[in-house]
Amino acid sequence: MKSRDLINLGIPKEHLKAAIAAVTNARRGGAKAAEVRRTVRSLSIAPHEFVADPTFGELATLLINTPVATWRERETPAPWAKYGDDLDESAIRQLENACRLPVAVQGALMPDAHVGYGLPIGGVLATENAIIPYAVGVDIACRMKLTVLDTPVHAIKGEKERLIKAIESETRFGMGAQFRGRDRRDHEVLEEDTWSEGPVTKRLKDKAWAQLGTSGSGNHFVEFGTLELNSPDLGLEAGTYLALLSHSGSRGAGATVAGHYSKLARELHPELPKELQHLAWLDMDSEAGQEYWEAMNLMGRYAAANHEMIHRMVSKALGAKVLADVENHHNFAWKEIHDSKEVYVHRKGATPADEGVLGIIPGSMATPGYVVRGRGAAESLKSASHGAGRVMSRTKAKETVNWSKVKKSLAEKDITLLSAGVDEAPDVYKDIDEVMRAQTDLVDIVAKFSPKIVKMAPAGEPPED
DNA sequence: ATGTCC
C-alpha cells in the first residue's frame, strides 16, 4: 500500500510512517491487501476500537492522541525591517508571510533579497523554540572564506599560469563533483561521532568525504583577486594583497539533510496554508528538531572544513603562506539573544553582522566583493546582505545574456574566467555598490576584493571527477 | 542549492 492510498483512507500525513509499519506487519502476518485496506479505513474512522489490536494498536493510539491541527497565525504579524528601496515584491510577500507564523518573533529583509523556497534569499527570521529547515536553505552552511596570501600581487599577471593551475588541479566543480581514491581530502571533521549519531547523517559520511574540498554549481566559485586595504586591519598593514576567495557549502550531504527535514517538517504541519508550507518548522523540544539542529551544526563544521581544504590545497600548490583569514556562513541558524529573549535566528542568504564581526559580501565575477565589519543593528537582527542579489532568473539569463559581450567586458577588466554558466554573468546581479549603500547602517567596509582569476562550474557539462 | 521525489 502506498502513502497516497493511506492518505486517501484517512491517515494523516504525520502518521504515515507508523501506518506503513503497521500495514507491513499485517501483511507479513498473512493478511490480504483488501483486508488490510478495510482495517485501515475502519481504524481512521474509529481508532478507539483498535487500541488493543496487536498490529494496529500503536497507530490507533497515535491517531487518538493527536489533536486535530488547526492553523493559527499570529494576531499581529511579527515586526520586520527592510533595507533597500527596489526590493522584489514577491520576496517582500514571502517575508510578510513568514512573519505570520505562530513561531515568528522578528524578521528582516536584506537589500539583495529575491524569491526562494519559503523564506526569500536575503531573508532573516527569528523564531521562538522552533527551527525552519527552509529558512536555513538547501545549501546548509553555504559560506564564504577569504585568505590573504604572501604571494606578491604581481603574480596575478606575471605567474598567471601557475595560479590557474593551482585552482584547476586542486579544486573540483559542479553537481556531484568529488575527489576519487587517493585524491580524497582528509579532515578531522570526518572523525566526529556526530555523523553516526544522526539517522540521516550516518548515511552521508562517505559522500561527504568524497566531496570535501569541492565547490558545487550555480553561484559557487573559487577565485584569485586583489584585496585593497586602505588602513591597517585584519592584522595587516594597509596595502594591496593577493587573496583567494571561495564560495561553497555543505554540498550533497547538506542538501540531503535539508531535503529530509523540510519534508518531515511539512508532514508534521499539515495545517499550514499553501503559501506557508515551505516554512514548516520543527519544534526544538521535539526529537526531530534536535536531530535537525545537530545535523545542521555538523553541516556547518563540514562546510567550514570544505573551504579549509580548498584554501589549504591551493595555497600549498602555490607555496604560499596565509597572512589573514576571514570567513562566515550565510545560510544557517543560530541561537541568539535579541531583545533579552532567546531566539533562533535564521539567516538565509544573509551575513551575520553583530558589532565588530567580520564577514564577506561578494559581488559577481566582474565586480568587487567586500570584507565588512558588522555594526550590530538590532532592526536587521544583526545581519547584512550575502551578495549583490540576482535581478534576473537563471532561465531568463540563459535566454538574454550575450556571452561574447561578457567575455569582452571581462577581458577589458583583466579578469580571466576559467569557466562559468551564463546564468552567472555580471548583468544578472544588482549593482553591488548600490547594495552596499543600502546597508551602511548594518556594516562598515574593511577592504575591497577585486576578482582576477575566476572559476565556477561550467554550464551544462557533466561533473568532473 | 542538489546526481533531478520517498
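Each chain gets a letter, A, B and so on, in the order the sequences are listed, and its residues count up from 1. On a predicted model such as this, the values are computed, not experimentally measured, just so you know.
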Checklist entry - In terms of side-chain heavy atoms of A:A255, which of B:dT2, B:dA1, B:dC6 is nearest? => result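 Among B:dT2, B:dA1, B:dC6, the one nearest the side chain of A:A255 is B:dT2.
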Checklist entry - Counting only non-hydrogen atoms, which of residues 212-221 of chain A are less than 4.0 Å from DNA chain B? => result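 By residue number: A:G216, A:S217, A:G218, A:N219, A:H220.
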So that I know where these two stand, are [X] and [Y] an aromatic pair - ring centroids less than 6.0 Å apart?
X      : Y      : result
A:Y134 : A:Y117 : yes
A:W293 : A:Y344 : yes
A:H330 : A:H247 : yes

Checklist entry - A:R251 side chain N/O closer than 4.0 Å to the phosphate oxygens (OP1, OP2) of B:dT2? => result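 For A:R251, the contact criterion (side-chain N or O under 4.0 Å from OP1 or OP2 of B:dT2) is met.
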Rounded to the Å, how far apart are [X] [atom1] and [N] [atom2]?
X      : N     : atom1 : atom2 : answer
A:Y134 : B:dT2 : OH    : P     : 13 Å
A:H329 : B:dA1 : NE2   : P     : 17 Å
A:N331 : B:dT2 : CG    : P     : 11 Å
A:F332 : B:dA1 : CZ    : P     : 18 Å
A:R347 : B:dA1 : CZ    : P     : 20 Å
A:M175 : B:dT2 : CE    : C1'   : 6 Å
A:M456 : B:dA1 : CE    : P     : 8 Å
A:Q211 : B:dT2 : CD    : P     : 8 Å

Checklist entry - If you measure from the Lys or Arg side-chain nitrogens to the Asp or Glu carboxylate oxygens, is any gap between A:R394 and A:E424 under 4.0 Å? => result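 Counted as a salt bridge, because a side-chain N and a carboxylate O are separated by less than 4.0 Å.
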Next on the checklist: Quick test of your reading of the model: are A:K452 and A:E223 salt-bridged, counting only N-O distances below 4.0 Å?
Outcome noted: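 Salt bridge flag = no for A:E223 with A:K452.
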Next on the checklist: Can you tell me how the ring of A:Y292 sits relative to the ring of A:Y261, calling it parallel under 30°, perpendicular over 60° and tilted otherwise?
Outcome noted: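 Rings of A:Y292 and A:Y261: perpendicular, over 60°.
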Item to check | Face-on cation placement of A:R347 at A:W334 ring, 6.0 Å and 45° thresholds | outcome: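 Judged by the rule (NZ or CZ under 6.0 Å from the ring centre, within 45° of its axis), A:R347 counts as positioned above A:W334.
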Next on the checklist: Please classify the nucleic acid contact of A:K207 as base, sugar-phosphate, or nothing, using heavy-atom distances under 4.0 Å.
Outcome noted: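 If one applies the 4.0 Å heavy-atom cut-off, A:K207 turns out to touch the sugar-phosphate alone, with no base involved.
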